[in-house]
Visitor: 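Quick one: the structure is below, and I'll ask about it shortly.
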There are 2 protein chains.
Amino acid sequence: MTAGVTDEDRADLHVEIGHRLAESGQRYSAVRRQLVDALAGVDRPQSVADLVAAVPELAVSSAYRNLGVLADAGAVTRVATDDDAARFELAEAVTERHHHHMVCTQCGLVLDYDPPAALEAQLAEGLDRVARASGFVPESHRLDLFGHCAGCVD
Amino acid sequence: MTAGVTDEDRADLHVEIGHRLAESGQRYSAVRRQLVDALAGVDRPQSVADLVAAVPELAVSSAYRNLGVLADAGAVTRVATDDDAARFELAEAVTERHHHHMVCTQCGLVLDYDPPAALEAQLAEGLDRVARASGFVPESHRLDLFGHCAGCVD
DNA sequence: ATTTATGCAAATCGTTTGCAAACCT
DNA sequence: AGGTTTGCAAACGATTTGCATAAAT
């Protein structure tokens, strides 16, 4: 049910997110905690359908509303895929694990992957230059890979 | 009305896309040509709303249907942004211009940018390794920058 | 007791589809 | 004529919102 996450890590996570919510003047309700657990227990971005399936009794509207609150508090990130349904994951600010995504263009599977450190370093530098050249103030980046996952290669 | 594109380039573009459509057994109708012109005339991915506004008399359903046909023919690419509405652009296969996007997290603006060649080279190599390590067969990648555009910096 | 969160149902909004008329060859 | 494309209207599916109830402080 966890992805290399210890109970201690999980506890820290809840504390950290509790702080962030408090700072945005929001409570850390039971449902929000369940959502965070559901997101912490997997290694790929979850669709609302995934989450509703994972959290018993959760109403779709509550899922959206709470994910919105968590996103505003900087605890969760909305991930855009080619898919029609939005996906959510814990924000890097709280997981402290920078990562990107591999997307299977056949079945829609989205997997996390850790970029080689060297690549990331050059990326940061290169992107910074590109951004400033057009008066853009960079905040973050996304380096997604598209292709066929192991299961979808004939 | 154009973005550094000569009439000659535009003509070549139509020929190229005409071929691709023919190969998929599709015609290059007036509406399709208008869509391609609309996409060729700007330097950022267009939403269907943008396109319907740009092409007089174009029905929304026709826009979606034709963008689908053009995408199947490899002439157009569906771009996933954080936004709720899908965006479309000419495929790199026909523009022969590899590029990525800068997205303003404030106003939703999406701009094209050309990555430094050196960066791209290392990217290709690094990603290839990551992908194969998990049995993933890479096809393409996306390197988007998020931040605030010149107009949205206080 | 007062404020905030939740579930349900209705309302939206982007996108897709069915169908008859217009278009191309 | 024969098959394709188009616009319009209805259908869909994901996401949002209104409102009365339940939960938290």
Side-chain angles (χ1 to χ4, degrees), chain A residues 14 17-39 45-73 75-89 108 110, chain B residues 14 17-39 45-73 75-89 108 110:
Chain A
H14 284 304
I17 292 180
H19 280 156
R20 291 188 177 255
L21 283 171
E23 276 167 21
S24 350
Q26 298 283 351
R27 297 176 184 167
Y28 199 5
S29 70
V31 169
R32 288 174 192 168
R33 231 174 280 260
Q34 288 177 290
L35 279 171
V36 169
D37 277 327
L39 291 172
Q46 302 290 96
S47 68
V48 169
D50 292 336
L51 294 169
V52 168
V55 180
E57 313 270 307
L58 176 60
V60 185
S61 59
S62 295
Y64 281 108
R65 260 192 293 237
N66 286 309
L67 288 167
V69 169
L70 288 164
D72 288 346
V76 155
T77 308
R78 223 183 214 89
V79 176
T81 68
D82 284 337
D83 218 355
D84 30 358
R87 285 166 188 277
F88 299 82
E89 64 185 8
V110 181
Chain B
H14 283 304
I17 291 181
H19 280 156
R20 291 186 177 255
L21 283 171
E23 276 168 21
S24 348
Q26 297 283 351
R27 297 177 185 166
Y28 199 5
S29 70
V31 169
R32 289 175 191 168
R33 230 174 278 260
Q34 287 177 290
L35 279 171
V36 169
D37 276 327
L39 291 173
Q46 301 291 95
S47 67
V48 169
D50 291 337
L51 294 169
V52 167
V55 180
E57 313 270 309
L58 175 60
V60 184
S61 58
S62 295
Y64 281 107
R65 263 192 291 237
N66 286 310
L67 288 167
V69 169
L70 287 165
D72 287 345
V76 155
T77 308
R78 222 181 216 91
V79 176
T81 67
D82 285 338
D83 218 354
D84 30 357
R87 284 165 189 278
F88 299 82
E89 62 185 10
V110 181

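Labels below follow one simple rule: chain letters A, B, ... track the order of the sequence lines, proteins then strands, and each chain is numbered from 1. Predicted model, so just to flag it, every value in this text is computed and none were measured.
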Visitor: Between the side chain of B:Arg32 and the main-chain N/O of B:Arg27, is any donor-acceptor distance below 3.5 Å?
Guide: yes

Visitor: Verify, without hydrogens or angle tests, whether B:Arg33 (side chain) and B:Tyr28 (backbone) share a donor-acceptor contact under 3.5 angstrom.
Guide: yes

Visitor: Applying the side chain to side chain contact (heavy atoms under 4.5 Å, CB included) test to A:Gln46, which of A:Leu51, A:Leu67, A:Leu35 qualifies?
Guide: A:Leu51

Visitor: Could you list the protein-to-nucleotides 3-11 of chain C atom pairs, N/O on both sides, closer than 3.5 Å?
Guide:
unit_1, atom_1, unit_2, atom_2, d
C:dT3, O2, A:Arg27, NH2, 3.4
C:dT4, O4', A:Arg27, NH1, 3.2
C:dT4, O4', A:Arg27, NH2, 3.1
C:dA5, OP1, A:Gln26, OE1, 2.9
C:dA5, OP1, A:Arg32, NH1, 2.9
C:dA5, OP1, A:Arg32, NH2, 3.2
C:dT6, OP1, A:Ser29, OG, 2.9
C:dT6, OP2, A:Asn66, OD1, 2.8
C:dT6, OP2, A:Asn66, ND2, 2.9
C:dG7, OP1, A:Glu57, O, 2.9
C:dG7, OP2, A:Ala59, N, 3.4
C:dG7, OP2, A:Ser62, OG, 2.5
C:dG7, N7, A:Arg65, NH2, 3.2
C:dG7, O6, A:Arg65, NH2, 2.8
C:dC8, N4, A:Ser61, OG, 3.1

Visitor: Would you name the heavy atoms of B:Val52 and B:Val60 that are closest together and state the gap between them?
Guide: CG2-CA, 4.2 Å

Visitor: Round to the nearest Å and state the distance from B:Arg78 atom CZ to C:dT16 atom C1'.
Guide: 11 Å

Visitor: Does A:Thr81 have any side-chain contact (heavy atoms from CB on, under 4.5 Å) partners at least two apart in sequence or in another chain, and if so, which?
Guide: A:Val79, A:Asp83, A:Arg87, A:Val110

Visitor: Please report the distance, rounded to the nearest Å, between CZ in A:Arg87 and C1' in D:dA14.
Guide: 13 Å

Visitor: When the distance from CG of B:Asp83 to C1' of D:dA14 is rounded to whole Å, what number comes out?
Guide: 15 Å

Visitor: In whole angstrom, what separates B:Arg33's CZ from D:dT6's C1'?
Guide: 16 Å

Visitor: Grab the CG-C1' distance between A:Asp84 and C:dC13 for me, whole Å please.
Guide: 14 Å

Visitor: For A:Asp37 and A:Gln34, indicate whether the former's side chain and the latter's backbone hold a donor-acceptor pair under 3.5 Å.
Guide: no

